[in-house]
Amino acid sequence: MDDAKREALKAAGIDVEDAVRRFMGKEELMMKFLLRFGQDPNFGLLRQALEEGDTARAYEAAHALKGVAGNLSLRVVFARSSELVDSLRAGDLQQAKAGFPALEESYRAVLDAIG
Amino acid sequence: MPAETKRESILIVDDEEMNRVILSTIFCEEYEVLEAEDGVQGLEALAMHPHVSAVLLDVIMPRLNGIEMLKQMSEAGLTAKLPVFLITADAADDTMREAYAMGVMDVIAKPVVPYVVHRRVNSVMELFRARRRLSAEVERQKDQLLRQTRELADMSMGMVEALAAAIEFRSDESGSHVRRIRGMTRHILLHTEMGKGLSAEEIDLVSVGAITHDVGKIAIPDAVLNKPGRLTAEEFELMKTHTLRGAELLTHIPQMRDHLAFRYAYDIALHHHERWDGRGYPHGLKGDETPPWTQVVALADVYDALVSKRCYKEPYPAAVAMEMIKGGQCGVFNPVLLRCFEQEEPALAALFRQSKKEEELLWTMQKEKP
């Protein structure tokens with residue numbers, strides 16, 4: 001990974017060093033999963049469940065997204081999906097919906113940075 | 001890493017591939033890593049690999065979630081044998097409480113920090129390893145204690161045999177006489193109705209008790225004990241006291257008195273010259289007033305004397321000895337005992353031949369010594 005790429009990832013709220021440490025210093029292994037992040041279905045499932053007002057499924061999707069974001073040290077996505085998980089666990093669909101745009105913004109930023 | 005650690009395996013149960021890869025990467029150098037994608041697969045893996053040393057368990061999974069899998073492990077008693085770690089993104093209070101109640105050793109937060117997971121998992125695994133070592137050590141020491149106890153018991157039995165043999169030697173009987181009496185007594189009690197009501201342990205104790213049947217002969221003067229001709233009435237009266245003196249002697253050995261075989265040894269020493277018709281000594285007991293096992297020892301003693309060589313006689317062939325006993329030439333015995341004895345006679349004769357062979361071998365070995 002070149003420096004420009006690293007800077008771009010950091011700018012998108014990704015703690016690259018932390019993520020690499022989680023994969024025991026294996027940067028390629030971490031990058032393999034990071035590059036796959038766009039294919040993770042959970043963001044789409046979350047949006048759909050929120051639109052349909054299905055709190056349980058929204059919770060499942062948000063929880064899964066939070067897990068992936070945590071593993072890849074996507075700091076901002078992790079923080080915002082955590083908020084949604086908390087709202088949805090409390091059954092507060094409105095609050096979750098209100099938090100979704102901010103989550104989407106951070107999600108897009110990560111996808112853009114990954115390229 | 002020591003070889004022992006290398007062979008251990010860890011099971012990772014998580015539906016997310018990335019989670020499995022991260023955990024596997026942390027542990028794959030030290031352990032063999034098994035992976036399962038949900039609780040159902042996890043239980044299957046445990047059934048196939050019963051020697052898994054630890055389980056890292058995700059909570060939210062399809063089919064069978066972590067808590068359900070944990071519950072089944074707990075019910076099967078597995079959580080006592082191997083440490084289970086719950087790896088979870090949101091450690092809700094009630095989930096944790098439930099998990100700990102079912103025997104989880106630790107709850108580790110996601111996203112994991114490798115060195116934290118590594119340290120926490122390894123230290124609990126080391127605890128389990130130490131526990132296994134300790135219980136193996138306790139087992140080993142228990143075995144050692146049992147062996148030592150057995151050795152001590154063998155040793156004291158050897159002393160009793162030596163004492164009995166020393167006394168038999170005085171009356172020109174070989175030391176193997178006492179061992180044969182013991183063997184015959186045991187055989188008859190084990191294989192015939194004479195041993196009815198006795199457990200195998202009790203039969204062993206009776207046989208041990210048979211060893212000292214003639215221990216009272218130590219109190220009989222050589223002149224009487226080894227007199228080649230017939231005993232005078234007075235001498236015979238003296239000779240008869242070996243039964244009373246034997247029983248008395250046994251009560252004066254505290255170790256013998258406390259031995260489980262004592263009550264048998266005492267009665268055998270005292271009553272092995274009683275007769276079925278009440279004309280024996282020292283008490284003139286009739287019939288089953290003499291315990292059946294003492295009757296067995298008395299007959300074995302007579303039989304062994306007949307088929308052995310003595311200073312005053314050549315050995316009789318087994319068949320002749322049997323006829324003499326049946327014909328009442330050597331005392332009067334319980335008819336049931338006679339029947340049992342006759343039935344087992346071939347086995348007893350074999351026992352006698354075996355003992356003779358060993359004796360001869362021993363003599364040859366002693367003679368060949370420089």
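Lettering of chains follows the sequences in order, A, B, ..., and the numbering in each one begins at 1.
Residue B:Glu137 qualifies as enclosed at atom CD: its count of foreign heavy atoms under 6.0 Å is above 12. Atom CZ of B:Arg186 has 12 or fewer neighbouring heavy atoms from other residues, nucleotides or ligands inside a 6.0 Å radius. With a 6.0 Å radius and a threshold of 12 heavy atoms from other residues, nucleotides or ligands, B:Tyr100 has its OH atom above the threshold. Other residues, nucleotides and ligands contribute over 12 non-hydrogen atoms within 6.0 Å of the CZ atom of A:Arg36. Within a 6.0 Å radius of NZ in A:Lys97, other residues, nucleotides and ligands contribute more than 12 heavy atoms.
No side-chain heavy atom of A:Phe23 sits less than 4.5 Å from a side-chain heavy atom of B:Pro114. Under the 4.5 Å side-chain criterion, counting only non-hydrogen atoms from C-beta, A:Phe33 is in contact with B:Glu17.
A:Asn71 CG to B:Ile22 CD1: the interatomic distance, rounded to the nearest 0.5 Å, is 3.5 Å. Note that CE of B:Met18 is 4.0 Å distant from CG of A:Leu72, once rounded to the nearest 0.5 Å. Interatomic distance, A:Met24 CE to B:Cys28 SG, rounded to the nearest 0.5 Å: 8.0 Å. Remark: A:Tyr59 OH to B:Ile60 CD1 distance equals 4.5 Å, nearest 0.5 Å.
Residue A:Arg22 touches chain B through both its backbone and its side chain, counting heavy-atom pairs closer than 4.5 Å. When heavy atoms are compared at a cutoff of 4.5 Å, A:Val85 approaches chain B solely by way of its side chain, counted from C-beta outward. Only the side chain of B:Val21 comes within contact range of chain A, with heavy atoms under 4.5 Å apart. Within the 4.5 angstrom heavy-atom criterion, atoms from both the backbone and the side chain of B:Asn19 approach chain A.
Put simply, of A:Met30, A:Lys66, A:Glu60, A:His63, the one with the most heavy-atom pairs under 4.5 Å next to chain B is A:His63.
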